[in-house]
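Everything numeric here is computed off the predicted structure, so don't read it as measured data. Residues: numbered from 1 along the sequence shown. Excluded from the calculations below are hydrogen atoms, water molecules and symmetry mates; all remaining heavy atoms, backbone and side chain alike, are included.
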Amino acid sequence: MISVAIDGPSGAGKSTLAKRLAKELGYIYVDTGAMFRAVGLFALRAGKNPKDAAAVAALLPQITLRLESIEGAQHIYLNGEDVSETIRREEVGMAASGVATIPAVRAFLLESQRAMAKSQNVLMDGRDIGTVVLPDATVKIFLTASPEARAERRLKELCQKGQPAAYETVLADIRRRDDQDMHRAAAPLKQAPDAVLVDTSKLDFDESFALLKKTICDKIG
Ligand code: DC
């Protein structure tokens, strides 16, 4: 089986690029962030602090997640409910980053993430795919961009959704999330030694896509 691991900070364009690449390569796209977001959503709905390890760990037996690919798009079901849209909210992203610091949550998701790569060719995106989940991935990419470039892109997205925000606020949120994801003890965001670094700060979508595709194709031949 071929596995492509794409890790990097939030807002670097991972999911949009990964989705398109998976489609082009004919691989299954697995967005592991969605799994952490679904757990974060469950914790929020249960009225728990997403960083409270004991409280969140106690919720895990009540959670069943299912991923399904429908016409190339990944849908995620939390106890049977399609939460694919709901998990994209800002507060759910922050909650996801919180629950992702808890080792019990990471262990809960790890086996299913590994199982998906055993039976099919996958392109999996996240923070620890090349370092922890699939250390033997065929291709590893660390996709990043400067916090400023990511804030500008996020601002544009929010504007298009009719939710204008201040640049400084968006940049501060990005820095806070980076800090939390990079400095946690459990599986922090970092580049695997054998990952190829791709910096998209100065590239537009098509240029980033072409560079990633070339990087992957050079490796898998
Ligand atoms: O990629 P994303 O923004 O949807 O991820 C949401 C959060 O989940 C992110 O802040 C960190 C966490 N995450 C993680 O710790 N490990 C992963 N493999 C994927 C996401």
Side-chain angles (χ1 to χ4, degrees), residues 5-15 18 30-67 74 76-79 83-84 86-117 124-135 137 140-147 150-151 154 169-193 195 197:
I6 304 189
D7 291 303
S10 35
K14 281 194 313 290
S15 63
V30 182
D31 167 11
T32 60
M35 302 167 98
F36 287 92
R37 284 172 181 264
V39 175
L41 175 64
F42 193 84
L44 287 180
R45 284 177 171 177
K48 304 295 180 199
N49 173 353
K51 284 198 207 167
D52 182 336
V56 175
L59 296 176
L60 295 175
Q62 302 168 40
I63 298 178
T64 303
L65 296 181
R66 188 164 50 85
L67 292 182
Q74 179 189 275
I76 182 156
Y77 296 83
L78 169 61
N79 295 336
V83 292
S84 316
T86 317
I87 57 165
R88 293 296 145 206
R89 295 205 304 255
E90 289 299 312
E91 73 271 20
V92 182
M94 211 34 107
S97 180
V99 299
T101 62
I102 302 169
V105 171
R106 306 203 71 85
F108 174 71
L109 299 177
L110 184 62
E111 283 317 307
S112 53
Q113 291 166 349
R114 284 192 176 146
M116 286 185 261
M124 197 174 279
D125 92 30
R127 303 293 187 287
D128 61 338
I129 310 306
T131 51
V132 175
V133 180
L134 304 175
K140 296 183 189 179
I141 291 168
F142 194 80
L143 185 73
T144 191
S146 69
R150 289 184 278 137
R154 183 78 191 124
T169 314
V170 174
L171 181 61
D173 278 354
I174 284 182
R175 288 195 194 280
R176 192 151 55 102
R177 185 108 81 89
D178 280 1
D179 189 63
Q180 187 156 285
D181 291 346
M182 285 154 70
H183 296 109
R184 67 182 178 221
L189 167 65
K190 66 169 188 241
Q191 186 180 343
L197 177 70

If you round to the nearest 0.5 Å, how far is [atom2] of [Y] from [atom1] of [X]?
{"X": "M116", "Y": "M35", "atom1": "CE", "atom2": "CE", "result": "4.0 Å"}
{"X": "K14", "Y": "I129", "atom1": "NZ", "atom2": "CD1", "result": "9.5 Å"}
{"X": "R154", "Y": "L171", "atom1": "CZ", "atom2": "CG", "result": "13.5 Å"}
{"X": "N79", "Y": "R66", "atom1": "CG", "atom2": "CZ", "result": "11.0 Å"}
{"X": "D128", "Y": "L134", "atom1": "CG", "atom2": "CG", "result": "9.0 Å"}
{"X": "N49", "Y": "L44", "atom1": "CG", "atom2": "CG", "result": "9.5 Å"}

### Task
Determine whether the side chains of D181 and S97 contain a donor N or O and an acceptor N or O closer than 3.5 Å.
yes
Taking the side chain as every heavy atom from C-beta outward, state whether [X] and [Y] have any pair of such atoms under 4.5 Å apart.
{"X": "I76", "Y": "V83", "answer": "yes"}
{"X": "S10", "Y": "R127", "answer": "yes"}
{"X": "L109", "Y": "L65", "answer": "yes"}
{"X": "L41", "Y": "L78", "answer": "yes"}
{"X": "R177", "Y": "M94", "answer": "yes"}
{"X": "R89", "Y": "R37", "answer": "no"}
{"X": "F36", "Y": "R106", "answer": "yes"}

query: Any sub-3.5 Å donor-acceptor pair from Q74's side-chain atoms to D31's backbone N or O?
result: yes
The salt bridge (charged side-chain N to carboxylate O under 4.0 Å, His left out) partners of D7 (sequence neighbours excluded) come to none
Which atoms form the tightest heavy-atom contact between [X] and [Y], and what is the distance?
{"X": "I102", "Y": "P50", "value": "CD1-O, 3.3 Å"}
{"X": "Q191", "Y": "A195", "value": "NE2-O, 3.1 Å"}
{"X": "M182", "Y": "P188", "value": "O-CB, 3.4 Å"}
{"X": "A12", "Y": "A145", "value": "CB-N, 4.2 Å"}
{"X": "R184", "Y": "A100", "value": "NH1-CB, 3.5 Å"}
{"X": "A5", "Y": "A137", "value": "CB-CB, 4.0 Å"}

Donor-acceptor contacts under 3.5 Å from residues 51-64 side chains, at least two apart:
residue, atom, partner, partner atom, Å
K51, NZ, Q180, OE1, 3.0
D52, OD1, A54, N, 3.3
D52, OD1, A55, N, 3.1

task: Evaluate the criterion salt bridge (Lys or Arg N to Asp or Glu O under 4.0 Å) for residue pair R175 and D178; output intermediate values, then yes/no.
output: CA-CA 5 Å; R175 288 195 194 280; D178 280 1; over 6 Å; no
Start with the C-alpha distance between Q113 and V30, add both sets of side-chain angles, then the distance that settles side chain to side chain contact (heavy atoms under 4.5 Å, CB included), and finish with yes or no.
-> CA-CA 8 Å; Q113 291 166 349; V30 182; 5.7 Å; no
